[in-house]
Amino acid sequence: MDESAFLRELEEVAQSLGIEVRYETVKREAGFTSGGLCRLKGRYLLIINSRAAAREKVEALAGAVNRFDLSRLYLKPGLREFLDRLPKPE
């Protein structure tokens, strides 16, 4: 599966988890960041740098959704395998 398809699928997973995904230009004093997950007014928000490469966007989305319990969601086998290979956040 190509990165753009992974990206779309991960966006759908994020939406089903109640995570709002925004693509914005992100600047950081010390350099470049692909984005991050935060909680704002009780809701999850994932801001992804619109200038990031597709692979970095996939990594940011995957890292965010992997923080949640995905056992009750249907995920395509390739996507589930990809997420299962990622380290789980502590």
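Hydrogens, waters and symmetry mates are skipped; everything else that's a heavy atom, side chains included, is used.
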First locate atom [atom1] of [X], then atom [atom2] of [Y], and finally report the distance between them rounded to the nearest 0.5 Å.
| X | Y | atom1 | atom2 | value |
| --- | --- | --- | --- | --- |
| I47 | L40 | CD1 | CG | 8.0 Å |
| E9 | S4 | CD | OG | 10.5 Å |
| I48 | L10 | CD1 | CG | 9.0 Å |
| R80 | L73 | CZ | CG | 7.0 Å |
| S16 | L70 | OG | CG | 8.5 Å |

Work out which heavy atom in [X] is nearest to a heavy atom in [Y]; give both atom names and the distance.
| X | Y | result |
| --- | --- | --- |
| A62 | L83 | CB-CD2, 3.8 Å |
| P87 | N66 | O-ND2, 3.9 Å |
| A54 | E3 | CB-OE1, 3.6 Å |
| E11 | L61 | CG-CD1, 3.8 Å |

For L37 and R67: C-alpha separation, side-chain torsions, deciding distance, then whether side chain to side chain contact (heavy atoms under 4.5 Å, CB included) applies. CA-CA 10 Å; L37 179 69; R67 295 177 167 271; 3.7 Å; yes
Pairs meeting criterion ring pair (Phe, Tyr, Trp, His ring centres under 6.0 Å) with involvement of residues 38-72, two or more places apart: Y44-F68
Going through the checks in order, is the side chain to side chain contact (heavy atoms under 4.5 Å, CB included) test met by V13 and I19? CA-CA 9 Å; V13 171; I19 302 170; over 6 Å; no
Side-chain contact, heavy-atom cut-off 4.5 Å: R51 with T25?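 R51 vs T25: side chains touch.
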Does any N or O in the side chain of E81 come within less than 3.5 Å of the main-chain N or O of G78, such that one atom is a donor and the other an acceptor? no
NZ/NE/NH1/NH2 to OD/OE distance under 4.0 Å, R55 and E59: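 Here R55 pairs with E59 in a salt bridge, since their nearest N and O are under 4.0 Å apart.
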Ion pair R22/E20, N-O distance below 4.0 Å: yes
